[in-house]
Amino acid sequence: MPKTGERAALAIYTGTIFLSALLLFSVQPMFAKMVLPLLGGASAVWAVSMCFFQALLLLGYAWAHLLDRTVPPRLALTLQLAVFALALSALPIGLRAGSAEAASDGAYLQLIVILAAGVGLPFFALAANAPLLQAWFSRIGHAQSANAYFLYRASNAGSLAALAAYPFLVEPLLPLRLQSRVWAVGFVLLGAAVAACGWLALLSARAAPAEVRNDPVAAPRNLGEVARLRLAWAFLAFVPSGLLVAFTTYVTTDLASAPLLWVIPLALYLATFIAAFRDRPPISPRVLSIAQPVTVALTLVLMEWDASFAWVLSCAAGTLAFAVTSLACHLKLYEQRPATEHLTDFYLWLSIGGALGGIFSALIAPHLFSNVLEYPLLLALGLSGRLGWRQPGARRGDWRLLLAALAAAAVLALAVAYLAPWSWTPTRRLYALAAFAAMLVAAWRWIVLEQAATLALVLAVALVPNGNRPIHVARSFYGTHRVVEPPGGIVRLLLHGVTLHGAEWTADARPGAQVRPRPLTYYHPTGPLARG
């Protein structure tokens, strides 16, 4: 291919992938704003929506894999354009007739139905573009065709641009109806651009890809190796995706309920993909190997600190731990990429892991845990992944030593939680977690001890009481509600995350007294609700 033709082809493919990702990520906040009057601004609306979009992304990647591996290129282009044409029937984007207010017990299913009816088809059409266009580019004979993965940076850059532009430019300047129409125009233009990319792929010589200069992972030799490699791709995508939802839920419910706070973790998630999918990583593996245990240990300790400014430090440490863990996983994903003939297979398993991570944090964890325990669990999983790729000795590994260390750590954590001779207070709990965190940081060079310290720390977070043990905890679509009785036993508080929603004076209602608890805050006898 001539140099001029190479530059033009690269520009067309890069621009098409960028535009596709721009539309993919701009439709999410746009439709979320349409849904807002129905289900409100609960963090679960964002979490379930993200889970839905990840599942659709998985379907799109599976469709791209099917087109690339089972049908001729000309038919693949025709079928993808047919999907675009079918999606036009769902435009402009909007709530469909019959959307109604959802009761809290059916809110999860209600939101999924609304999303599927309103944006399902267009989103599915967009979802297939990133892997499919990269697969087409790998066959056009371009000098960079042998490593088409670099185009994934353009996809994530488009996503990041949409994420930054929507709250600051699109939403303030354009009404929702006009946003929907502008998006529909962009969708039609994208269909034409996809057709141009397919036409270029059909016209270009289908020469075999050149030898990859940046050493993708060697082709597996048997079915066992294939299975292990695919599971590794899925795991390395599962952890950052689950952390994205879990960390955002933690920040917006347990630290500060603020509009658009979810933008920061999502932007960091995309930025780690952009940074990782390149031949020269921005941060050396050695720096990451030190930073990851330090940031995780700091995060899990600062979660328990209740000083007036602790939420700022907790948010900063959690953001660093999330970014470092996600970058480490995505760097390893790029290192383990296969040759481009297996490109769509790689992205399919990446999307399987991402979808499972979102499903775990958004749909499964709220029914398993009464607090946001999935957040420290996923940070620990991110550290456990280091067992497979850090230090040659660790890969050979003495598994008996590892199991013994893990068992010892579990026994230690359980002993601290249940056999300590003193009563637990928030301060003592903080000191205990700080001691386990110090063990984790100190053991960063010894992978087996690091895994044991990580397990002990997470078990301590889950099991060690803090002296303000909730009387009642309930977690629903709208967040975690706790009834607590601070030391002294004279009041009870109803908390929704960090928001105080109710309190009652119980000092006169101790055993033997015939007086009902006296409501405070909203429901005080002299307050407006009582007078009304």
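Both backbone and side-chain heavy atoms feed into the values below; hydrogens, waters and symmetry mates do not. Keep in mind that what you see is a predicted model, and the values were worked out from it rather than measured.
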Practice item. Compare all side-chain heavy atoms of L378 with those of F360 and state whether any distance is below 4.5 angstrom. Key: yes
**Study point:** Validation row: T14, L151 side chains within 4.5 angstrom (heavy atoms)
**Key:** yes
Point to revise | Audit row: Y166, Q28, side chain to side chain donor-acceptor pair (under 3.5 Å) steps and yes/no | key: CA-CA 10 Å; Y166 189 85; Q28 298 179 43; over 6 Å; no
Check your understanding: What orientation do F137 and F150 show, parallel under 30°, tilted 30 to 60°, or perpendicular over 60°?
Key -> perpendicular
**Study point:** Aromatic ring pairing W183/F187, orientation class (parallel under 30°, perpendicular over 60°, tilted between)
**Key:** parallel
**Study point:** Ring centre gap for Y152 and Y347 strictly below 6.0 Å
**Key:** yes
Review point. How about F123 and F52: are their ring centroids closer than 6.0 Å?
Key: no
Point to revise | Residues that A128 engages under side-chain contact (heavy atoms from CB on, under 4.5 Å), provided they are two or more places apart | key: W63, A64, Q80
Check your understanding: Atom CG of L132 and atom CG of L77: how far apart are they, to the nearest 0.5 Å?
Key -> 8.5 Å
Revision key, fill the gap. To the nearest 0.5 Å, atom CD of Q179 lies from atom CD of E171 at 6.5 Å
Review point. Would a distance-only check, ignoring hydrogens and angles, find a side-chain to backbone donor-acceptor pair under 3.5 Å from S326 to A323?
Key: no
Result block: side-chain N/O donor-acceptor pairs under 3.5 angstrom for residues 235-246, not counting sequence neighbours:
residue	atom	partner	partner atom	Å
S241	OG	Q54	NE2	2.5
S241	OG	G354	O	2.6

Practice item. For a side chain to side chain donor-acceptor pair (under 3.5 Å) with D68, tell me which candidate from Q134, R139, H342 qualifies. Key: R139
Exercise for review: Would you name the heavy atoms of T16 and L190 that are closest together and state the gap between them?
Suggested key: O-CD1, 3.6 Å
